[in-house]
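Take a look at the structure below.
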Amino acid sequence: MSEKKKIVSIEDRIPKLKQARKKKANRRLVFYLSIFFVLISIIVYLQSPLSDIHRLQVEGNEFLSDDVIIQSSGLTVSDNIWRIDKDKAINQIQKNEEVEKVSISREFPATVTIQVTELGRVGYLQQDGRYRALLANGSISEKEWSQPKSDAPILYGFSDDEYLEEMAEELDQLPASITQLISEIHYKPSEDSKYVIQLFMNDGMEVQGTIRTFANNMEAYPSIAAQLNPDVDGVLHMGAGVYFEPAKKKKEKDE
């Protein structure tokens, strides 16, 4: 006996086909409506105060204040975060002589971050009764101070740009913890060497060294100074060799 095949009439299939097509059309309609409302929301957001900058922050700066950098950027909290001209703002900030590199990033929902890399001040030079900063690249700032800041030593006698630039490079290599120990640096060239310098430390110690090995030698200063008797005056030589010369012996040699 052969099996009877179940036959579904076209009348039974049509309602199911109509229902499937209707569901597919509804899903398509929901999809297009969702895209429409997303686009409308984006347009409304971009045109509303919600897309304005609510926070301007500066990172990486040590010498320049946040206000100085933000003001030079030309950006304000009333600017639209997506319409700011980053290249223009960066160029404006880089006009400051103490700025080496700048980048600007947006952070959702309404924060703009200005990342700054400064050249930094490695010393101060006295000129006509005023003080100008010696920057890490060897240039001298146009900005003047009536009194030097305490963040870097004062340099005297550096009239030759070549040796001044080398001194700036060496100072830039020193960690801040060492630089802050130095009060003054005097350029004292001799017939034997044009690189001799004399340092006066904030702890009262006098140090004689050389520009060429300055950074490497001075990193050892704290540990060497800790071994010396603070009640004995003299000069700590940190050039080709390291040794302490008491003041009495130095006086006899000078005579």
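Here the structure is a predicted model, which is why all the values come from computation and not from measurement.
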Checklist entry - Given the rule that I, L, V, M, F, W and Y join up when any side-chain heavy atoms are under 4.5 Å apart, are F200 and L134 in one cluster? => result no
Checklist entry - Are F244 and V232 close enough that some pair of their side-chain heavy atoms sits under 4.5 Å apart? => result yes
Next on the checklist: side-chain contact (heavy atoms from CB on, under 4.5 Å), that's the test. Do K143 and R132 meet it? Break it down for me.
Outcome noted: CA-CA 6 Å; K143 185 177 179 180; R132 294 189 179 190; over 6 Å; no
Checklist entry - Is there a donor-acceptor pair closer than 3.5 Å between any side-chain N or O of D79 and the backbone N or O of I84? => result no
Would you be so kind as to tabulate the donor-acceptor pairs closer than 3.5 Å made by side chains of residues 118-129, with sequence neighbours excluded?
{"residue": "E118", "atom": "OE1", "partner": "E62", "partner atom": "N", "Å": "2.7"}
{"residue": "E118", "atom": "OE1", "partner": "F63", "partner atom": "N", "Å": "3.0"}
{"residue": "E118", "atom": "OE2", "partner": "E62", "partner atom": "N", "Å": "3.4"}
{"residue": "E118", "atom": "OE2", "partner": "F63", "partner atom": "N", "Å": "3.2"}
{"residue": "E118", "atom": "OE2", "partner": "L64", "partner atom": "N", "Å": "2.9"}
{"residue": "R121", "atom": "NE", "partner": "E98", "partner atom": "OE1", "Å": "3.0"}
{"residue": "R121", "atom": "NE", "partner": "E98", "partner atom": "OE2", "Å": "3.4"}
{"residue": "R121", "atom": "NH2", "partner": "E98", "partner atom": "OE2", "Å": "3.3"}
{"residue": "Y124", "atom": "OH", "partner": "D151", "partner atom": "OD1", "Å": "2.8"}
{"residue": "Y124", "atom": "OH", "partner": "D151", "partner atom": "OD2", "Å": "3.3"}
{"residue": "Q126", "atom": "NE2", "partner": "Y131", "partner atom": "OH", "Å": "3.2"}

Item to check | Flag, side chain of D66 to backbone of Q57, donor-acceptor distance under 3.5 Å | outcome: no
Which donor-acceptor pairs under 3.5 Å do the side chains of residues 185-192 make with protein atoms, sequence neighbours left out?
{"residue": "H186", "atom": "NE2", "partner": "E184", "partner atom": "OE1", "Å": "2.8"}
{"residue": "Y187", "atom": "OH", "partner": "K194", "partner atom": "O", "Å": "2.6"}
{"residue": "S190", "atom": "OG", "partner": "D192", "partner atom": "N", "Å": "3.4"}
{"residue": "S190", "atom": "OG", "partner": "S193", "partner atom": "N", "Å": "3.2"}
{"residue": "S190", "atom": "OG", "partner": "S193", "partner atom": "O", "Å": "3.3"}

Checklist outcome for this item: Here the gap from Q180 atom CD to S150 atom OG, rounded to the nearest 0.5 Å, amounts to 8.0 Å
Checklist entry - Taking it one step at a time, do D52 and V77 satisfy side-chain contact (heavy atoms from CB on, under 4.5 Å)? => result CA-CA 7 Å; D52 288 349; V77 291; over 6 Å; no
Item to check | Pair I69-N61, side-chain contact (heavy atoms from CB on, under 4.5 Å): steps then yes or no | outcome: CA-CA 9 Å; I69 294 172; N61 55 315; 3.7 Å; yes
Next on the checklist: Could you check whether any side-chain N or O of S65 sits under 3.5 Å from a backbone N or O of V68, counting only pairs where one atom can act as donor and the other as acceptor?
Outcome noted: yes
Next on the checklist: Are E206 and M201 packed together at the side-chain level, in the sense that at least one heavy-atom pair is separated by less than 4.5 angstrom?
Outcome noted: no
Checklist outcome for this item: Here the pair of heavy atoms bringing N202 nearest to S183 is OD1-CB, 3.2 Å
Item to check | Non-hydrogen side-chain atoms of I114 and V102 separated by less than 4.5 Å | outcome: yes
Next on the checklist: Between L155 and L164, is there a side-chain heavy-atom distance shorter than 4.5 Å?
Outcome noted: yes
Checklist entry - Taking the side chain as C-beta and beyond, is there a heavy-atom pair between M218 and M238 under 4.5 Å? => result yes
Item to check | Flag for S105-Q115: side-chain donor and acceptor within less than 3.5 Å | outcome: no
Checklist entry - Under 3.5 Å, is there a donor-acceptor pair linking the side chains of S72 and Q92? => result no
Next on the checklist: Are more than 12 heavy atoms, taken from residues, nucleotides or ligands other than Q198, located less than 6.0 Å from that residue's CD atom?
Outcome noted: yes
Checklist entry - When rounded to the nearest 0.5 angstrom, what is the spacing between CG in L56 and OG1 in T76? => result 7.5 Å
Checklist entry - Is a donor on one side and an acceptor on the other found under 3.5 Å between the side chain of D172 and the backbone of A168? => result no
Checklist outcome for this item: Residues passing the ring-ring contact (aromatic ring centres under 6.0 Å, His included) test with Y195, sequence neighbours excluded, are Y163
Checklist entry - From I90 CD1 over to K86 NZ, what is the distance, rounded to the nearest 0.5 angstrom? => result 7.0 Å
Checklist entry - Would you say P246 and D233 make side-chain contact, with heavy atoms under 4.5 Å? => result no
Item to check | Within-4.5 Å side-chain heavy-atom neighbours: H237 and V242 | outcome: no
Checklist entry - Is it true that atom CZ of R55 has more than 12 heavy atoms of other residues, nucleotides or ligands lying nearer than 6.0 Å? => result no
Checklist entry - Are any side-chain N or O atoms of E170 and backbone N or O atoms of A215, one a donor and one an acceptor, separated by less than 3.5 Å? => result yes
Checklist entry - What's the shortest heavy-atom distance between G239 and T210, and which atoms? => result CA-CG2, 4.2 Å
Next on the checklist: Within the structure provided, determine whether L174 and F214 are in side-chain contact (heavy-atom separation under 4.5 Å).
Outcome noted: yes
Next on the checklist: Assigning hydrophobic clusters by single linkage (Ile, Leu, Val, Met, Phe, Trp, Tyr; side-chain heavy-atom cutoff under 4.5 Å), is I154 placed with L181?
Outcome noted: no
Next on the checklist: Has R106 got a side-chain atom pairing as donor or acceptor with T111's backbone, closer than 3.5 angstrom?
Outcome noted: no
Item to check | Chi angles and distances behind the side-chain contact (heavy atoms from CB on, under 4.5 Å) call for L135, I140 | outcome: CA-CA 6 Å; L135 305 180; I140 301 172; over 6 Å; no
